[in-house]
Each structure stands twice: as structure tokens, then as C-alpha cells.
Amino acid sequence: MRLADAYAGEGYSGREVLVVEAAKVGGGRSRSFHDKVTGREIDNGQHLLMGCYYETLAFLRSIDAPIDEAIHFQRDLALTMVKPGGKTIDLACPALPAPLHLAAGLLRMRGLGLLHRASALRAGVMLRGEIERPDDGETCDAWLRRLDQTQAVRAAFWEPLIWAVLNDDPLVASAAMLVAVLERAFMSTRDASRLGVPKRPLSDIYVGPAVDYIRSQGGEVRFASPARSLDLDADGKIAGVTLKSGEQLEADTVITAVPPHALLAMLPEAATEHLVFRDVARLEASPIVNLWATLDRPILGPLDRDFVGLVASPLHWLWDRDRITGEGSKDTNLLSVTISGARATVHDHPEALREVFVQELERFFPGHGASVRSFRVVKEKRATISHAAGTYRRRPPTRSPIPGLLLAGDWVRTGIPATIESAVQSGHDAASIALGLR
Ligand SMILES: Cc1cc2nc3c(=O)[nH]c(=O)nc-3n(C[C@H](O)[C@H](O)[C@H](O)COP(=O)(O)OP(=O)(O)OC[C@H]3O[C@@H](n4cnc5c(N)ncnc54)[C@H](O)[C@@H]3O)c2cc1C
């Protein structure tokens, strides 16, 4: 049996599947909820997909998620960065085969001098093997220096990209992880680099269809059922899970898909000394702060964009949620703001963040005239693991040192940064092993 057959209704090879989830609702770090301040169903943060999220798209198709109605995919990669004062830098990749589409897009980038565009293009050419690949110890900053990238092209292209895909500061983030994304996104097909923006709440896309699918195949999903410990038999093999309620569940295979700190809390004392788990304990977290503001008029309307990046601002990306979802009314506009790798802001008071928001809007869109009607801050202190240089080797493989225990979650060793795609790939890897397909 192939994994695709398990999805296609062949069942789980006679395995009984039981999912226990600590929270009352599903979704984890990709969830939505009704927010009293904005009066809307909002996400815990803006979640983008890329055309190269192959595992995710296959997963969504298998569980019959409403991909076409719920996710807007660009026809070709296009990005707009706004500079203080309101001028823009526009990258629009034409319909050429990869990587020519990117080369042409970079060369024609509007708002950036030729010298800087040529420097970005040179990096693209070198990426194809003319320079030594970075190892996990090299930072993005060092790698960009090695590629002679100008300050302007770093600020307008590389740094926003690095904050977005690695959720970390280019000064510390791993260049190897960045290159893993660049290769997938830009070196395969033109479609791979397109961005997909969810139009509907994340729970409608990922959670509802996944739960329905598991139940339709005879599996069980239990919410509000936190696991307390992993149980081993006398030979040190997995024997089951004990829930916080005290209930014991027997199992010959357990797949954990919890974040690192939650896994460590569940391990038997002796196992925490194993090198693999000692490395897990050394993984650090990187936060994301999302701001949700209701304005009395759209800010991005005049630019005719669903979202823009801000050059060298503490606020990285602005999303016109009403334009994206087609909701909203004549005199309100819901704007979402992403602050990635938000170590500098995650402890700030919402009032201080509101002040920064208002100041930055004025700096980038002078004279915009919009007033803030409501303001909401969503802080995710452990949004992803940190992808600081040297981290990758600490991410554990799917097969753990405990027989019968398989590790999943965006942070395990998938070859790519901790993203939805990594989470889904890790799940597929673990399921394949559990079903004896690998
Ligand atoms: C604000 C924000 C923006 C992001 N933006 C993007 C983006 O644009 N694109 C992208 O690809 N990725 C993005 N990500 C990353 C993405 O959300 C994660 O990679 C993904 O959700 C990880 O999924 P996961 O299943 O591995 O972990 P989680 O979503 O963390 O799921 C783990 C689950 O385990 C449960 N759990 C924990 N402890 C226990 C226990 N003891 N017993 C039972 N259950 C337990 C939790 O409740 C949770 O539901 C973003 C993340 C955040 C926070």
C-alpha cells in the first residue's frame, strides 16, 4: 500500500487511529477563533502557502479541503515593498520557465537601481552551483556578504524574505535553511514560487476537513485530552500514553506531533538523557506578533494590493484582510500586520504596539487619513523554533531512540524550515513508517 492509498479510503492497514489533542479545538499554531475586539473570525496570524508546498497541497486535496474557494494563489510570483514615504519596489515575475522567471523579475524590478538588481541576479546565478553551498553554521548575513549583495537589495528583497520564511533575524538565521527554500521555490517550476493567501479562516481549511476525514475512515479524534506521559514496557519499547485525566491508552506505535517542550515533558525521565532528546532540549523558540486593526478606510487601496512588505520597518507585512476575503464594509477595513522573529516586540504592551503601528502607517503612507477603530494583538511566543545557524543538526529524525515512538511536527528534521509544509511532510514521514511503507 502507498500512503496515497491510505488517503484514498484504503483505511490504515487495519490500524486503529486515535488522535488526542490537548486543546478544546484543533489547529495548534494554525488556528482561527472568534475575536470580540474586531468582531470577526480571525487567525492567530497570517499563514501563507507557496506553490512548492507539495505535501500540504496533496494533504489538502486528500482530505477534500476547499482549496480553490479558500486559498487565493497568485498566477505568478509578485511582491510589493513600500519604502518610507510611500514609494514602492515591485517584483513581478513574468510567465517564463523557472528560474528565468525570477531572473527576469529581478532584472525588471521597479523602484530599485540597476546596480542593485544586477547584484540580486548575480546571487540567483551563483545559487545554481557557482559558489560553495552554505553549511548550517553559516548565517544568512555572512552568505549575503559572500554573494556581494548591496545594502539596498538586502533591505528590499533578501531581508523581508528571510524574516518571512525563517522567522528569524538574518544576522543569526541559517543560510542553509534559506537555500533549501530558494531551491524549492525558484529552481524547479514557475508555479513553485507563487504565493497562496488563505481567504477563509485557517480552521475551515485545515482543521474541519482533517477531523471529518479521520472520523470518516473510522479513526477517533478527542479534544481537551492532553497527554501527560509516554509509557514504555519493560524492554523500553513504547506501550502507550497516559492522559492528564489518568486514563491509560495502550498502543504499539505512538506518533507525537507536539512542539519540543511538550514532547520533553512527556518523556520518561531516563529518556531525556539520550543525545537526541538533549539536542531537542536545546532548540530555541522564535516568536511572531500579529496586529489586527480595524481602520475606517483601506490603506492599501490606492496601491491596488492585497498585501505589501515594509522596507526596514519593525512591521514586516501588512495584509488587507477585507480585500483578500471580499468582506468588510464601505467604512471599515480590517488590516493584519505580521512581525516575524519578534523577540524585540513580543513583551511590549499592546498600547506601545499600537503607537508603533500608528507611527509606521504615517511614515510609510504619509497623509493616509485613516483612523484606528479597534486594535488587537495576538502574540505567539513559540511561533516556530529558531532557525539560528547551527540548529538544523539538533532537529531529531522521525524515528526516535524509543522503539515504536515516531516524531512529527514542523520542527523535526524534514530538510526545510518549520512551516506548515514541514509539519505535513513530517506527518507523512511518520505515517509511512507506521504503516510499514518505509
Ligand atoms: C503567527 C504564525 C504565523 C505563521 N505563518 C506561517 C506561514 O505563513 N506559513 C507557514 O507555512 N507556516 C507559518 N507558521 C508556522 C505554522 O503555523 C506551523 O509550522 C504549524 O502550524 C506547525 O504545525 P504542527 O502540527 O507541527 O504543530 P502545532 O500546530 O503546534 O500543533 C501541535 C498540537 O499539539 C497539541 N499539544 C501540545 N501538547 C499536547 C499534549 N500534551 N497532549 C495532546 N496535545 C498536545 C497542541 O495543542 C497543538 O494543537 C506560522 C506560525 C505562527 C504562530
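In each ligand, atom 1 is the first atom listed, and ligand 1 is the first ligand listed. As a basis for the values below, the full set of heavy atoms in this structure was taken, side chains included, without hydrogen atoms, waters or symmetry mates.
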K.L.:
Hydrogens and angles aside, do Trp317 and Gln46 bring a side-chain donor and acceptor to less than 3.5 Å of each other?
P.N.:
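Looking only at side-chain atoms, Gln46 and Trp317 do not form any donor-acceptor pair under 3.5 Å.
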K.L.:
With a 3.5 Å distance limit and no angle check, can you tell me whether Ser203 reaches the backbone of Ser32 through a side-chain donor-acceptor pair?
P.N.:
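Side chain of Ser203 to backbone of Ser32: a pair is present.
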K.L.:
Counting only heavy atoms not in Glu284, do more than 12 sit closer than 6.0 Å to its CD atom?
P.N.:
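Open.
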K.L.:
Would you call Asp410 and Arg29 a salt bridge, taking side-chain N to carboxylate O under 4.0 Å as the test?
P.N.:
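Result for this pair is yes, salt bridge flagged.
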K.L.:
Closest non-hydrogen protein atom to atom 23 (O) of ligand 1, residue and atom name please, with distance?
P.N.:
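Of every protein heavy atom, Ala423 CB, 3.6 Å lies nearest to atom 23 (O) of ligand 1.
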K.L.:
Identify the protein heavy atom lying closest to atom 26 (O) of ligand 1, giving its residue, its atom name and the separation to 0.1 Å.
P.N.:
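Protein heavy atom at minimum distance: Asp410 N, 2.9 Å.
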K.L.:
Just jot down the ring-ring contact (aromatic ring centres under 6.0 Å, His included) partners of Phe307, sequence neighbours excluded, or say none.
P.N.:
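So Phe307 forms a ring-ring contact (aromatic ring centres under 6.0 Å, His included) with Trp319.
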K.L.:
For Ile299 and Phe364, what are the C-alpha separation, side-chain angles and deciding distance, and is it a side-chain contact (heavy atoms from CB on, under 4.5 Å)?
P.N.:
CA-CA 10 Å; Ile299 288 271; Phe364 283 85; over 6 Å; no
K.L.:
Within the 4.0 Å heavy-atom shell around Gly45, which atoms of ligand 1 are there?
P.N.:
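Here the atoms of ligand 1 in question are 1 (C).
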K.L.:
What do you reckon, does Ala262 have a nitrogen or oxygen under 3.5 Å from a nitrogen or oxygen of ligand 1?
P.N.:
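No - when backbone and side-chain N and O of Ala262 are compared with those of ligand 1, no distance drops under 3.5 Å.
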K.L.:
Using a 4.0 Å cutoff against the non-hydrogen atoms of Ser30, which atoms of ligand 1 qualify?
P.N.:
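It comes down to these atoms of ligand 1: 16 (C), 17 (O), 20 (C), 21 (O).
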K.L.:
Below the 3.5 angstrom mark, is there an N/O of Glu421, backbone or side chain, next to an N/O of ligand 1?
P.N.:
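No.
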K.L.:
Using a plain distance cutoff, I'd like to know if Thr384 has any nitrogen or oxygen under 3.5 Å from a nitrogen or oxygen of ligand 1.
P.N.:
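Not met; the criterion fails.
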K.L.:
Would you say Met266 touches ligand 1, if touching means a heavy atom closer than 4.0 Å?
P.N.:
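The answer is yes: ligand 1 sits under 4.0 Å from a heavy atom of Met266.
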K.L.:
Nearest protein heavy atom to atom 34 (O) of ligand 1, by residue and atom, and its distance?
P.N.:
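Residue, atom and distance for the closest contact: Val258 CG1, 3.7 Å.
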K.L.:
To which of Leu48, Val378, Ile288 does the heavy atom nearest atom 1 (C) of ligand 1 belong?
P.N.:
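Minimum heavy-atom distance to atom 1 (C) of ligand 1 goes to Ile288.
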K.L.:
Who gets closest to atom 32 (C) of ligand 1 by heavy atom: Ala224, Ala22, Gly28, Ala257?
P.N.:
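The residue whose heavy atom sits nearest atom 32 (C) of ligand 1 is Ala257.
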K.L.:
If you measure every N or O of Asn290 against every N or O of ligand 1, does any of those distances drop under 3.5 Å?
P.N.:
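Min N/O separation from ligand 1 is not below 3.5 Å for Asn290.
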K.L.:
Answer with yes or no whether Tyr53 contacts ligand 1, where contact means a heavy atom under 4.0 Å from a ligand atom.
P.N.:
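The answer is yes: ligand 1 sits under 4.0 Å from a heavy atom of Tyr53.
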K.L.:
Identify, by atom number and element, the atoms of ligand 1 in contact range of Gln46, meaning under 4.0 Å from any of its heavy atoms.
P.N.:
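Near Gln46, meaning under 4.0 Å from one of its heavy atoms, ligand 1 has 3 (C), 4 (C), 5 (N), 8 (O).
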K.L.:
Under 3.5 Å, is there a donor-acceptor pair linking the side chains of Ser286 and Ser386?
P.N.:
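There is no such pair between these side chains.
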K.L.:
Is it true that Ser313 and Glu360 share a donor-acceptor pair across their side chains at a distance under 3.5 Å?
P.N.:
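Yes - a donor-acceptor pair under 3.5 Å links their side chains.
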K.L.:
Against heavy atoms of Pro259, which atoms of ligand 1 measure under 4.0 Å?
P.N.:
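Taking each heavy atom of Pro259 in turn, ligand 1 has 30 (O), 32 (C) under 4.0 Å.
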K.L.:
What about Ala227: any of its N or O atoms under 3.5 Å from an N or O on ligand 1?
P.N.:
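There is such a contact, yes.
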K.L.:
Under a 4.0 angstrom heavy-atom cut-off, which atoms of ligand 1 come close to Val20?
P.N.:
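Under 4.0 Å from Val20, ligand 1 has these atoms: 43 (C), 44 (N).
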K.L.:
Tell me whether Asn44 has any N or O atom under 3.5 angstrom from an N or O of ligand 1.
P.N.:
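Such a contact does not occur with ligand 1.
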K.L.:
Please verify whether a non-hydrogen atom of Arg31 lies at under 4.0 Å from ligand 1.
P.N.:
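Distance cut 4.0 Å: Arg31 fails for ligand 1.
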K.L.:
Just need the protein heavy atom nearest to atom 46 (C) of ligand 1, so name the residue and atom and give the distance.
P.N.:
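I find the closest protein heavy atom is Glu21 OE2, 3.4 Å.
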K.L.:
Quick one: does any side-chain atom of Asp169 pair with a main-chain N or O of Leu171 as donor and acceptor, under 3.5 Å?
P.N.:
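Indeed, once roles are kept as given, a pair shorter than 3.5 Å links the two residues.
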K.L.:
Which residue owns the protein heavy atom closest to atom 13 (C) of ligand 1, what's the atom, and how far is it?
P.N.:
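Here the nearest protein heavy atom works out to His47 CD2, 3.5 Å.
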K.L.:
Are Asp348 and Lys379 close enough for a salt bridge, meaning some N to O gap below 4.0 Å?
P.N.:
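No.
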K.L.:
For Ser340, state whether at least one heavy atom is located under 4.0 Å from any atom of ligand 1.
P.N.:
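Ser340: no contact with ligand 1 (<4.0 Å).
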K.L.:
So, Asp212 and Arg215, do they make that salt bridge, N to O below 4.0 Å?
P.N.:
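No.
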K.L.:
Could you say whether the N/O atoms of Arg29 and ligand 1 ever approach to under 3.5 Å?
P.N.:
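N/O-N/O distance under 3.5 Å: yes.
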K.L.:
Salt bridge between Asp141 and Arg154, side-chain N to carboxylate O under 4.0 Å?
P.N.:
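The answer is yes: the pair qualifies as a salt bridge.
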K.L.:
So, regarding Ile420 and ligand 1 (criterion: nitrogen or oxygen to nitrogen or oxygen, under 3.5 Å), is there a contact or not?
P.N.:
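So ligand 1 has an N or O lying under 3.5 Å from an N or O of Ile420.
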K.L.:
Backbone or side chain, does any N or O of Glu380 fall under 3.5 Å from an N or O of ligand 1?
P.N.:
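No; the residue has no nitrogen or oxygen that sits under 3.5 Å from a nitrogen or oxygen of the ligand.
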K.L.:
Sequence neighbours left out, what pairs pass salt bridge (charged side-chain N to carboxylate O under 4.0 Å, His left out) with at least one residue falling in residues 304-314?
P.N.:
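Passing the test, one end in residues 304-314: Asp90-Arg305, Asp304-Arg323, Asp306-Arg323.
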K.L.:
Only heavy atoms of Gly27, strictly under 4.0 Å: list the atoms of ligand 1 that pass.
P.N.:
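So the answer, numbered in order with elements, is 29 (O).
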K.L.:
I'd like to check which ligand 1 atoms, numbered from 1 as shown, lie under 4.0 Å from a non-hydrogen atom of Gly409.
P.N.:
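With Gly409 as reference, the close atoms of ligand 1 come out as 26 (O).
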K.L.:
Going through the checks in order, is the side-chain contact (heavy atoms from CB on, under 4.5 Å) test met by Glu355 and Gln359?
P.N.:
CA-CA 6 Å; Glu355 225 169 272; Gln359 280 166 6; 4.3 Å; yes
K.L.:
Taking 4.0 angstrom as the limit, do Arg40 and Asp322 come out as a salt bridge?
P.N.:
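Yes.
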K.L.:
Do we see a donor-acceptor contact under 3.5 Å between the side chains of Asp320 and Asn333?
P.N.:
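Note: Asp320 and Asn333 side chains meet the donor-acceptor criterion.
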